[in-house]
Structure formats: C-alpha cells, structure tokens
**Student:** 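What follows is a structure written as structure tokens; I'll ask about it next.
Chain A is the first sequence line, chain B the second, and so forth, proteins listed ahead of strands; every chain is numbered from 1. The figures that follow rest on heavy atoms only: side chains count, while hydrogens, waters and symmetry mates do not. Here the structure is a predicted model, which means the values were calculated and not measured.
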Number of protein chains: 2
Amino acid sequence: MSVEVPEDGIVSAILGAVAEQRLPAGTKLTEAALAEMFNCNRANVRRALAALAAQQVVDLIPNRGAFVVSPSPKEARDLFQARRAIERVIAREAAANVTADDIALLRRNVADEAEAKARRDHPTELRLSRQFHQELARIAGNQVMDRILADLTMRSTLIIGLYGRATLSNCAEDEHSGIVSALEAGQADTVVALMDAHLRHLESHLDFSAPRQRASSLQDQILGGASLVA
Amino acid sequence: MSVEVPEDGIVSAILGAVAEQRLPAGTKLTEAALAEMFNCNRANVRRALAALAAQQVVDLIPNRGAFVVSPSPKEARDLFQARRAIERVIAREAAANVTADDIALLRRNVADEAEAKARRDHPTELRLSRQFHQELARIAGNQVMDRILADLTMRSTLIIGLYGRATLSNCAEDEHSGIVSALEAGQADTVVALMDAHLRHLESHLDFSAPRQRASSLQDQILGGASLVA
DNA sequence: TTATCAAGTTTTGTTAACAATTTGTGTCAA
DNA sequence: TTGACACAAATTGTTAACAAAACTTGATAA
C-alpha cells in the first residue's frame, strides 16, 4: 500500500491522543508547541495538520490555527448513521470470514476492556473499545471500509467526549461480548442485528443539551506520559 | 462547518482534474510544477499534497514525490462494496427527503449527462455522472456520508480510468434515470434496489486483466484548458 | 465597573536559500 | 549491445529569517 511519510509520527501521535480522549474537542494545536514536542520544524507540523484537517480531525482556521474538531449534534447523528451503514456490512463480512484465532483475539480484547474498566483506566478502555470495532473491520477484510471506520471511530470518540453522559460506562463490553458469541456461532444475521443495536445504544446515550469541556497541558495530552510511538 | 484554507484551491483543482480523468492514475505531481501553475510557493503545494494523501488520492513516497494513486483490483472491489454500503442508505434517505425541486434538478443532471455523452464530451459526462451520486447524498442530508461518498466516487473515477473497458459507455444515464423515476414515485425500496444494481453494474464492467495508462502535460491535465476555479 | 484603545507579545503565513536524494546522461569496457 | 560507473541535472527535504495577522495586557476615560 502507500508508503508512510516521515511526519506521520506527528499525525499518529495526535490521533492516538484523540483516541484516548486526552485531546478534547476544541483544543488548540499550536505549531511551535508541536514542533518542539516532536523535535521537528514547523513545516512538518503544518503538513501534519493539513493531513489531519483532510481527515476532519482538526479544523484549520486561517490566521488562527488548528483546533481539534467539535462535532455538532447533527454531525454526531449523521456520523452514527454512517457507522451503522458501514459496520452492518463489516459485521456480515466478518461473520463470513472469522477464524478461531480471530475469536480468541476478540475475546482477549473484550476481557482487556473489562479489566481496564474495572481499573477505571478510561483511556485504555476507550482505546480497546475502538480497537474492537477495528478488529472486526480487519476480519471483514475490506481495507476501504476499514479506513473509513477508523476515521469514523476517531470522531466518535470526540463525540462521546463532548456529549457522553456523566455515567461514563459505555456498557459496551457486554454487547461486544455478545457480538463475539454470535460470530463464533456463525449467526451472521444476529451479528448484524447486534452491531446495529450496539451502535444505536451508543448513540442513545449521548446528551446534546450541554457539551462538556476540559483542558490540560498539550504535552500531557499528546504524549500521555507514555512513549509517543506507542 | 470547517473554514477553507488558502491552498484548497490547489486541492480542489487537482481533485477536479481527477474527477474528469484528466489526471490518470500514476501521474507524478512535481512540486515545482504545481507551485508555478498556481503561483504559490512550494510550502503550500506540500501542504496540499499532504491533504490529498490523507484523502488517499495521491501516494506520497519519501524522496520520490507525489503520485496519483493507482488502486489495485482488490481495492477496487473493496471500494465498490463500501459504496454499496453507503449509497444504499443514501438512496433510502434520499427517497424519504426528496422534493419536487430535487427531482427537477436530477432530471436536468441526467439530461445534461446524456447530452455530454452524445457530444462525446467524456470529461463532462464523468463529472455529471459523479455529480448525480453526490446530489443524492445532498438530498439524503447526511453530510458525513456525503463526504465519504465524495472520497469514494473520486477514487471510483480513477478505477474506471484504470480498469474501465474500452467500450467506455458507462451506460449509466439510463440507470440514473430509473432511479429518479423511482424517487419521484416515492418507492424507497425500489430506489435502493436500483442503486445497488447500478453499482454492481458499474463494477461488473471493470476489466482487471490489463490496466490502461495515459499521459499528457500536467498543465493541460490539471487546468484542463478551463479556469482553475471552475 | 465597563469599554476602548494602543502598545507589546505571540502565533501564523511566506519566502528564499541550502542540503540531501534521486534521476538522467554519457562514457567506457566487456 | 549491454552493463557499470561517474558526473550533472532535477527534485525533494530542511532550515532560518522575515512579514502579517491575531491575541494579550494594561492604561485611560466614561
């Protein structure tokens, strides 16, 4: 496939921070700060921000800078409808192609997610929840839908950060577990129905009455204390 | 929504050239040539290319440059499956929301497309065919799927350029016309079925045995003789 | 207190120069 | 003719400096 370009390190670090909700919607991404953070020059930062803008993860406002996008309620609804369209097909294809190894991997993912939740390790929980959906896309074997889903789940994370109810539990791992069982049983229609219900469930837990906000240091948000190549 | 950045002129000009098959797959996009073509500096060109790479319209190869992507047969199949997933939902939503004005607009589009075909104005025909699908996305009212579809139809154009049979007629305008009629009649299920069949028809006309190639001057390909803001 | 304005500071935008890599060309020898 | 090699040209990658715009701060006046 396509060869990775150097500053994809910046892009994936920022995406990783968004995926773990360390970078909330609306955060300003200052060029000089990113350049110092990644030991590179501003030109590469600007290229990375342009790429993130094309993926609709940041807004580029002329003479103002780059900001993590803040999806509107309408966009949130549109996005979940798009996810249902894509993930229903992914679910069906995954059911057709799943192997025993895949089942084991998925069960491990569900278990890790439950454990992260028990530990109240919210970033890890979020990352694993997203990873579950991406794993299904991989099993389905359609790389175009895989990429589309990666973009959509990234923004879903932002949406949940903005509009998710305080009762943070996304209650997801039970539903994830059910999907794995249906996959193992080879019940394609059930897998599709469970996925659709799961996504509707996620969407139904959004509260558009009052978007939340947060902030902390850019450094912590992007590097997250851990290594940036992660 | 997101504010447009300056060098989006470069991005949209290149996308327009791809959409009309003036820029075939594999074409090298030299930075200096683009910079002179758009009277800007290389920094902006590089940002534009980074954005196009994020949209998967160009491949960025380190130290080699930017090339219009050449989708593989596998990617072509994956992409059409993704289009069916998205456009089936778009078709259903469009059927629910379509107005009389929309119908008139669509009929006009179909007529223009037929006329362009009669004139053997292949670029215009391609542009209008793509525009038909985008118009349905607009009517459906889901901006997330609208954007996804824009990306997919862009690459579909490249795929058709690469693998389309010599019998260029995409035979599309009849099928487009049928979709409009079903929309007007309010037969949502029929619209969905026709759209699905239409996309399968398009895909079935691909020939993966021997990808075609072409070349001409970058200047003509991107600017296409016409104004670049188009 | 509140609003306005004018500094100064920070941040983004632009440009040019230079370095590093790749590509093209021509020569020479087998 | 073919291949290897060296050299030149073209292209991409990097950096720093400067210009332009936006933001912050603090003083002033109603």
**Student:** Could you give the CG-to-P distance, from A:Leu49 to C:dT11, as a whole number of Å?
**Tutor:** 14 Å

**Student:** Please report the distance, rounded to the nearest Å, between CD in B:Glu31 and P in D:dT14.
**Tutor:**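 In whole Å, D:dT14 P lies 11 Å from B:Glu31 CD.
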
**Student:** Considering only side-chain heavy atoms of B:Asn44, which listed nucleotide, D:dT11, C:dT14, C:dT12, is closest?
**Tutor:**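 The answer is C:dT14.
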
**Student:** Can you give me the N/O atom pairs linking the protein to nucleotides 17-23 of chain C at distances under 3.5 Å, or say none if there are none?
**Tutor:**
unit_1: C:dT23; atom_1: OP1; unit_2: B:Arg64; atom_2: NE; d: 2.2
unit_1: C:dT23; atom_1: OP1; unit_2: B:Arg64; atom_2: NH2; d: 3.3

**Student:** Quick one: list whatever passes side chain to side chain donor-acceptor pair (under 3.5 Å) with A:Glu135, sequence neighbours left out.
**Tutor:** A:Arg138

**Student:** Considering heavy-atom distances to DNA chain D, does B:Ala32 or A:Cys40 have its closest nucleotide positioned more toward the 5' end?
**Tutor:**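 Per heavy-atom nearest nucleotide, the more 5' residue is B:Ala32.
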
**Student:** Can you tell me how far C1' of C:dT15 sits from CG of B:Asn41, to the nearest Å?
**Tutor:** 7 Å

**Student:** Quick one: side chain to side chain donor-acceptor pair (under 3.5 Å) partners of A:Thr153, sequence neighbours excluded?
**Tutor:** A:Arg130, A:Gln134

**Student:** Going by side-chain contact (heavy atoms from CB on, under 4.5 Å), name the residues that satisfy it together with A:Ala91, two or more places apart in sequence or in a different chain.
**Tutor:**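 With neighbours one apart ignored, the set is A:Val191, A:Val192, A:Met195.
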
**Student:** Please give, in whole Å, the distance from C:dG13 C1' to A:Ile61 CD1?
**Tutor:**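 The answer, rounded to whole Å, is 16 Å.
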
**Student:** Could you tell me the separation between the CD1 atom of A:Ile10 and the P atom of D:dT14, rounded to a whole number of Å?
**Tutor:**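 Distance, rounded to whole Å: 10 Å.
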
**Student:** Take the protein atom CG of A:Asp59 and the nucleotide atom C1' of C:dT12, then report the distance between them rounded to whole Å.
**Tutor:** 16 Å

**Student:** A:Arg127: what forms a side chain to side chain donor-acceptor pair (under 3.5 Å) with it, not counting sequence neighbours?
**Tutor:** A:Glu20

**Student:** When you check the gap from the basic side-chain N to the acidic O, do B:Arg46 and B:Glu31 get nearer than 4.0 Å?
**Tutor:** yes

**Student:** How close or far is atom P of D:dA16 from atom CD of A:Glu36, stated in whole angstroms?
**Tutor:**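 Going from A:Glu36 (CD) to D:dA16 (P), I get 14 Å.
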
**Student:** Side chains of B:Thr99 and B:Asp101: do they bring a donor and an acceptor to under 3.5 Å?
**Tutor:**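 Result is no, nothing qualifies.
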
**Student:** Between B:Ala66 and A:Ala43, which has a closest nucleotide on DNA chain D that is more 5'?
**Tutor:** B:Ala66

**Student:** Check the distance between C:dT11's P and A:Phe67's CZ and give it to me in whole angstrom.
**Tutor:** 12 Å

**Student:** What pairs meet the salt bridge (Lys or Arg N to Asp or Glu O under 4.0 Å) rule with one or both residues in residues 61-73 of chain B, with sequence neighbours excluded?
**Tutor:**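 Counting only pairs at least two positions apart or across chains, no salt bridge (Lys or Arg N to Asp or Glu O under 4.0 Å) contact touches residues 61-73 of chain B.
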
